[in-house]
There are 2 protein chains.
Amino acid sequence: MATIYDVAKAANVSPKTVSRVLNGDAPVGDKTRDAVNAAMAELGYVPSNAARMMRSNRSGLIGLITGAISATTENVQVAGLPELMLVQGIQQIIGLSGKTLMIADTGGRLDRVPGLIDTFVRHRVEGLIYVAEYHQKVQLPRLPDDVPMVLANCFDDVGTPAVLPDDRRGQHDLVKRLIAGGHERIAYLTLREDIVATGLRKAGYRDALNEARLPYDPALVQCGELASPEGETQVLWDAIDRMLRLPVPPTVFCCGNDRLALKVYGILRSRGMLVPSEISVAGYDNYRVIAETLYPPLTTVELPYTAMGVRAAQRLIGLISGEGREDPAPSIVAGPVQWRGSVTDRRPTNVSQLKIVREE
Amino acid sequence: MATIYDVAKAANVSPKTVSRVLNGDAPVGDKTRDAVNAAMAELGYVPSNAARMMRSNRSGLIGLITGAISATTENVQVAGLPELMLVQGIQQIIGLSGKTLMIADTGGRLDRVPGLIDTFVRHRVEGLIYVAEYHQKVQLPRLPDDVPMVLANCFDDVGTPAVLPDDRRGQHDLVKRLIAGGHERIAYLTLREDIVATGLRKAGYRDALNEARLPYDPALVQCGELASPEGETQVLWDAIDRMLRLPVPPTVFCCGNDRLALKVYGILRSRGMLVPSEISVAGYDNYRVIAETLYPPLTTVELPYTAMGVRAAQRLIGLISGEGREDPAPSIVAGPVQWRGSVTDRRPTNVSQLKIVREE
DNA sequence: TCAGTTTATGACACCGATGTCATGACACCG
DNA sequence: CGGTGTCATGACATCGGTGTCATAAACTGA
């Protein structure tokens, strides 16, 4: 592979002049520039990043560690695909900043993380982003002091800057909108209890009920997800069955994510209930392959992954350029409710009707 | 960041000795080694890949270009997620070989590919893999002669080594299995006509019919996908409607991919037809989030993405080590049929019954 | 016209590893 | 006991760029 010396010789100038043409950091005569450019084209010269980096000590690399790519095979349970949008958001910002994103995948095995970090440090990345598969707490090995890091979709004990989804507000907004549509018996099929999002979203669900002065009925909140997929359908079926047999059954099922909603569609229909005319369904994630493809399309809450990625990358760039002190608090990013055909607004019940009458 | 000179000074040895400890390429005294290791730990020393690469001229990097990560948002139509498994398969092999995979994403824009290739060449990658979103023909800019490349899920005009899915055989195997289950009127809702896979799979469909001496009825083969999602449901609905009104309607709908199958579930059910007792459905891709979550779970053909990734990486490693001449022919990888609950074996029809009677 | 500035270019050291070669200390062997 | 090999280590050059400084030529302005 041609070097800057080859180019210099071919163009009859010094290597430094070639360097100047490459970087435009000092004036070069027109004739000289043309000669150099011609020589570069002729030789198919591409500068070596390694050599450049040695002198300047700036790699222009940002490291990204994720389980996104592999997670999809092993663990279909959790979010899966959408977090890729996180990577995409990060890519957007990093690309704009002129740096190069180096993506490494854990292959789903956390024990590989230290090795990946080591590889990145060897390449002298200027910063690091760790992307988790779903909202969770993590514990990462310590980095060298001069490599800043940002956590995306996760957080830790030691105050590493983090970017998180606003699960509480998301669920709140959805339930509030359902209530505005006349729903008062709102069932909630939650994700596994040990997931961070579950607690936050339940809180959001209760927030919305409280605001509307609707009673909280524990019988309407049940876990619909298992750690492994076998038997999950049965659990869901039972939970739905129990709720539908209540004295006042729910008019809408909120699901912990769109994947559960997909299952719920199947279960409800095999019980002969039409969505949405007889029963409404809502999801969470705005996992578009599911939400937009389902028939009818699914009302859901968007997990603002792209925005989170953008935010994470921006924070990292901020840390790298080191302008001022960064606010150490995590960034909480909310996503909008995506209102689609799987939920009908109901004729308001007695109480609401009274209200409306009053308003008229 | 500490250098090998700092470590040498701290351990009172020469830099070269530190290098020897690092690489184990020459004997070092036990006491010396301990001192060096202690110094490295003390200083938090991590060797610089850039410096190492300059001398050895071997980067240990493999470049991977993909639209996988971004494709998911823009273009929910095509395969989308599963190709990530391709990346995963590649990762597996590359990791094993001790090299580092550098992943770059096109952000869905093909015009960025030359820039990404340039970045890779600057980093002196030892080889390059291009992953396409779905089985297609591509045209890539020429690389420097000494950088080998492998195409995954795509092919080109100029004989670049490629790894492709065996669409023809996959569809054949599925239809053959359906026929074995007693189905004789097999509808096929294909993907868009301009997709490479469509032609191959149709051929596979006919292969299976021919083998079984079943007639080919063009009325049973219709395109069910549009370039944009709006109106697609309508197209599907019409196609299904037309087929179900045929004098001898189909007993099973094969869909161009699992996403279409998901739509077909919804449409069939809203027509009051139960899957699979009244009508069977099959997909393609084994897009597990859909196929395993649907109720009932979807029979489909696996697109052997992981295996393709493995194969692609192996071919690249072969090219890099340059042992012998590589076979330039594309590798065609077949995937198995995933038999799940969405297809019932039918009571055999007259002809088949006769056969069974004879066999008894 | 001449000092002072700007422009265009080159010489040279340096970044942090590793390859090559040299060297001193031992161990082994006849 | 001297010659020969092996072991452990260091000196030095080198990879391909860029930063620093020097310098010649061209251009300013009084």
Side-chain angles (χ1 to χ4, degrees), chain A residues 1-37 39-40 43-61 100 118-126 144 146, chain B residues 1-37 39-40 43-61 100 118-126 144 146:
Chain A
M1 177 133 290
T3 74
I4 203 171
Y5 294 92
D6 302 327
V7 176
K9 198 174 297 176
N12 241 323
V13 296
S14 75
K16 179 67 214 191
T17 299
V18 178
S19 167
R20 281 191 263 259
V21 172
L22 276 171
N23 301 291
D25 54 354
V28 175
D30 288 345
K31 243 176 45 188
T32 314
R33 187 196 326 281
D34 291 345
V36 170
N37 281 324
M40 292 200 298
L43 295 170
Y45 169 73
V46 182
S48 154
N49 237 297
R52 182 172 289 176
M53 186 197 320
M54 275 199 63
R55 196 67 175 83
S56 66
N57 222 10
R58 309 186 71 243
S59 63
L61 292 173
T100 302
D118 188 66
T119 302
F120 279 145
V121 176
R122 287 169 127 82
H123 282 279
R124 300 291 187 265
V125 292
E126 297 175 16
D146 48 355
Chain B
M1 179 131 287
T3 75
I4 203 171
Y5 294 92
D6 301 328
V7 176
K9 198 174 298 176
N12 242 323
V13 296
S14 77
K16 180 65 212 192
T17 298
V18 178
S19 168
R20 281 191 262 259
V21 172
L22 275 172
N23 300 293
D25 54 354
V28 176
D30 288 344
K31 242 175 49 186
T32 314
R33 186 195 327 281
D34 291 346
V36 169
N37 281 326
M40 291 200 299
L43 296 170
Y45 169 72
V46 181
S48 154
N49 238 295
R52 182 172 291 178
M53 187 198 318
M54 273 199 63
R55 197 71 180 79
S56 65
N57 223 10
R58 310 186 72 242
S59 65
L61 292 173
T100 303
D118 188 66
T119 301
F120 279 145
V121 176
R122 287 169 127 81
H123 282 280
R124 300 291 188 267
V125 293
E126 297 176 14
D146 47 356

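Chain letters run A, B, ... following the sequence lines, proteins first and then strands; every chain starts at 1. Just so it is clear, the model here is predicted, and its values are computed rather than measured.
For A:Arg55, counting side-chain heavy atoms from C-beta on, the closest listed nucleotide (C:dT18, D:dG19, C:dG10) is D:dG19. The side chain of A:Ala51 lies closest to D:dG17 when the candidates are C:dT18, D:dG17, D:dG10. Closest to the A:Thr32 side chain, of the nucleotides D:dT9, D:dT18, C:dA8, is C:dA8. Residue A:Pro27 has its side chain nearest to C:dA8 when only D:dT9, C:dA8, C:dT18 are considered. Side-chain atoms of A:Thr3 lie closest to D:dG16 of the nucleotides C:dA17, D:dG16, D:dT18.
Between B:Asp6 atom CG and C:dC15 atom P there is a gap of 11 Å when expressed in whole angstrom units. B:Asp25 places its CG atom 13 Å from the P atom of D:dA8, with the value rounded to the nearest Å. Whole-Å rounding puts the B:His123 NE2 to D:dG16 P distance at 17 Å. Computed from coordinates, the B:Arg58 CZ to C:dT18 P distance equals 14 Å when rounded to whole Å. In this structure, the CE atom of B:Met54 is 13 Å from the P atom of C:dC15, given to the nearest Å. One interatomic measurement links the two molecules: CZ of B:Arg20 to C1' of D:dC7, which rounds to 11 Å at whole-angstrom precision. Across the protein-nucleic acid pair, B:Lys9 atom NZ and D:dT9 atom P stand 20 Å apart, rounded to whole Å. Rounded to whole angstrom, the span from the CG atom of A:Asn12 across to the C1' atom of C:dA8 amounts to 16 Å.
One can find a donor-acceptor pair under 3.5 Å joining the base of D:dG19 and the side-chain atoms of A:Lys16.
Between B:Arg52 and the phosphate of C:dT18, there is a side-chain N or O to OP1/OP2 separation shorter than 4.0 Å. At D:dT18, one or more side-chain N or O atoms of A:Ser19 fall inside 4.0 Å of OP1 or OP2 (strictly under the cut-off). Checking the phosphate oxygens (OP1, OP2) of D:dG17, no side-chain nitrogen or oxygen of A:Asn49 falls inside 4.0 Å. Between A:Ser14 and C:dG10, a side-chain N or O to OP1/OP2 separation shorter than 4.0 Å is present. The side chain of A:Thr17 places an N or O atom within less than 4.0 Å of a non-bridging phosphate oxygen (OP1 or OP2) of C:dG10. Contact annotation: B:Ser48 does not reach the phosphate of C:dC15 (side-chain N/O to OP1 or OP2, under 4.0 Å). The shortest distance between the side-chain N/O atoms of B:Tyr5 and the OP1/OP2 oxygens of D:dG10 is not below 4.0 Å.
Distance check, rounded to the nearest 0.5 Å: NZ of B:Lys16 to OG of B:Ser14 gives 8.5 Å. The line from CD1 of A:Ile4 to CG of A:Leu43 is 12.0 Å long, rounded to the nearest 0.5 Å. For the atom pair NE2 (B:His123) and OG1 (B:Thr119), the distance works out to 6.5 Å, reported to the nearest 0.5 Å. In this structure, CE on A:Met1 lies 9.5 Å from CG on B:Asn57, to the nearest 0.5 angstrom. Atom CG of A:Asn37 sits about 8.5 Å away from atom CG of A:Leu22, to the nearest 0.5 Å.
Under the 3.5 Å distance criterion, the side-chain polar atoms of B:Arg33 are matched with a main-chain donor or acceptor of B:Val28.
B:Asn23 comes within 4.0 angstrom of the backbone, heavy atoms only, and of no base. Contacts of B:Val13 with the nucleic acid, taken as non-hydrogen atoms under 4.0 Å apart, involve only primed sugar atoms and P, OP1 or OP2.
Pair check for D:dG5 finds C:dC26; Watson-Crick or G-U wobble, both atom distances under 3.5 Å.
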